[in-house]
Protein chains: 2
Amino acid sequence: MADIHPEHAHIIEQTKANMPSEEVLEKTAEVFKVFGDKTRIRILAALSEGEMCVCCICEILGMSQSAVSHQLSVLKSARLIKSRREGKQMYYSLDDAHIGAILCTGISHVEED
Amino acid sequence: MADIHPEHAHIIEQTKANMPSEEVLEKTAEVFKVFGDKTRIRILAALSEGEMCVCCICEILGMSQSAVSHQLSVLKSARLIKSRREGKQMYYSLDDAHIGAILCTGISHVEED
DNA sequence: TGAACATATGAACAATTGTTCATATGTCTT
DNA sequence: AAGACATATGAACAATTGTTCATATGTTCA
């Protein structure tokens, strides 16, 4: 590992001081890890159109109920979506405004230039 | 897989029509996958304070030069950061405003409630 | 040119992850 | 209460990923 140049020392200290806590960074990485899968992104993109039941999501994605349900549970554990029961069906929706914003900005980054 | 209720049919069609292309969703998932690692999040958090050389990043993270360099190359391939050489040193910085925004919103989501 | 420095890269290994299949849970209707 | 329906969950397998170690590339200065 390279030596630390004296003129870098205070940048290092300053940056360390301004960084969010290790706990926050760890949890943030966990959240993005959940965004980092095509099936889950497709689910989130569908839900950004509005609340939806599981069978609709399966139909839109063209995937098995089991695969979708597993991913819904991952999304819910990470608090990216929330659920509501109506009779036999479960309706899912984005958890809060952050989720739509993150998704949107990510898509913009991909779509631009 | 459950049957499609008639009242759901048009929601399904509508949502399918409004979804970004498969290619965009795939690429978006790839971008978030890159955000989904603690080491890379720490690097991005450091770079959000400003441009920085590799040895500073190693020092801030307390990690080996090799591990950091590998992750920098992942971040760069995904166009989350860009680099600039100055003599023997490489300086890295966030690629564009989207990256800081995504990171920031993710951290906010974690820090709130 | 050669030595020293800063960073990059290839191979390899352990650990994590997404899907499928089978089955369980919870809800409604008769 | 039983059967049908909608969704959830456990086990298992293939595939992907992050780090380490060793070494290569590129740059400066004597």
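Letters go in sequence order (proteins before strands), and every chain restarts at 1.
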Length of the CD-C1' vector between A/Glu59 and D/dT7, whole Å: 16 Å

What N/O pairs connect the protein and nucleotides 10-14 of chain D at under 3.5 Å? Give each pair on its own line.
residue	atom	partner	partner atom	Å
D/dG10	O6	A/His70	NE2	2.7

Test side-chain contact (heavy atoms from CB on, under 4.5 Å) applied to A/Ser69 - qualifying residues, sequence neighbours left out: A/Gln65

Aromatic ring pairing A/Tyr91/B/His8, orientation class (parallel under 30°, perpendicular over 60°, tilted between): perpendicular

Within-4.5 Å side-chain heavy-atom neighbours: A/Leu94 and A/Leu80: no

Net bend of the helix from C/dT1-D/dA30 to C/dT30-D/dA1, end axes of five pairs each, nearest 10 degrees: 30°

Distance test, side-chain N/O of B/Tyr91 to OP1/OP2 of C/dA6, below 4.0 Å: no

Quiz item: B/Gln65 side-chain donor-acceptor pair to C/dA8 base, under 3.5 Å: yes

side-chain contact (heavy atoms from CB on, under 4.5 Å) involving B/Thr105 - partner list, sequence neighbours excluded: A/His98, A/Ala101, A/Ile102

Whole-Å gap separating C1' (C/dA6) and CD1 (B/Ile57): 13 Å

Atom pair SG/CD of B/Cys104 and B/Glu111 - distance to nearest 0.5 Å: 9.0 Å

Set of residues satisfying side-chain hydrogen bond (donor to acceptor under 3.5 Å, both in side chains) with respect to A/Arg84, sequence neighbours excluded: A/Glu51, A/Glu86

Along DNA chain C (nearest heavy atom to each residue), the more 5'-positioned of B/Ser83 and A/Ala67: B/Ser83

Exercise: identify the closest heavy-atom pair between A/Gln89 and A/Cys55: OE1-SG, 3.9 Å

Length of the line joining A/Gln71:CD and D/dT7:P, which is rounded to integer Å: 16 Å

Shortest non-hydrogen contact between A/Gly106 and B/Thr28, atoms and distance: C-CG2, 4.0 Å

Rounded interatomic separation in angstrom, taking CE from B/Met90 and C1' from D/dT28: 16 Å

Atom-pair distance (CG on A/Leu61; C1' on C/dT19), nearest Å: 14 Å

Whole angstrom value for the distance that separates C1' of C/dA8 from CZ of B/Arg84: 18 Å

Atom-to-atom span, CG of A/Leu72 to C1' of C/dG18 - whole angstrom: 14 Å

Atom of B/Ile57, atom of B/Leu47 and distance for their closest heavy-atom approach: CD1-CD2, 4.1 Å

Under-4.0 Å side-chain N/O to phosphate OP1/OP2 contact, B/Gln89 with C/dC5: no

Contact list for DNA chain C against residues 29-45 of chain A - heavy-atom distance below 4.0 Å: A/Lys33, A/Asp37, A/Thr39, A/Arg40

A/Val74: partners by side-chain contact (heavy atoms from CB on, under 4.5 Å), with sequence neighbours left out: A/Val34, A/Arg40, A/Gln71

Ring pair (Phe, Tyr, Trp, His ring centres under 6.0 Å) against A/Tyr92, all qualifying residues, sequence neighbours excluded: none

Sequence-aligned protein contact record of nucleotides 25-30 of chain C, with B where the base is within under 4.0 Å of a protein heavy atom and S where only the sugar-phosphate is: --BS--

Partner set under side-chain hydrogen bond (donor to acceptor under 3.5 Å, both in side chains) for B/Glu22, not counting sequence neighbours: A/Lys38, A/Arg42

Contacts of A/Ser83 that satisfy side-chain hydrogen bond (donor to acceptor under 3.5 Å, both in side chains) - sequence neighbours left out: A/Lys76

Short side-chain N/O contact to D/dT20 OP1/OP2 from B/Ser64, under 4.0 Å: yes

Throw together a table of side-chain donor-acceptor distances under 3.5 angstrom for residues 11-19 of chain B, partners on residues two or more places apart or in other chains.
residue	atom	partner	partner atom	Å
B/Thr15	OG1	B/Ile11	O	2.7
B/Asn18	ND2	A/Glu49	OE1	2.9

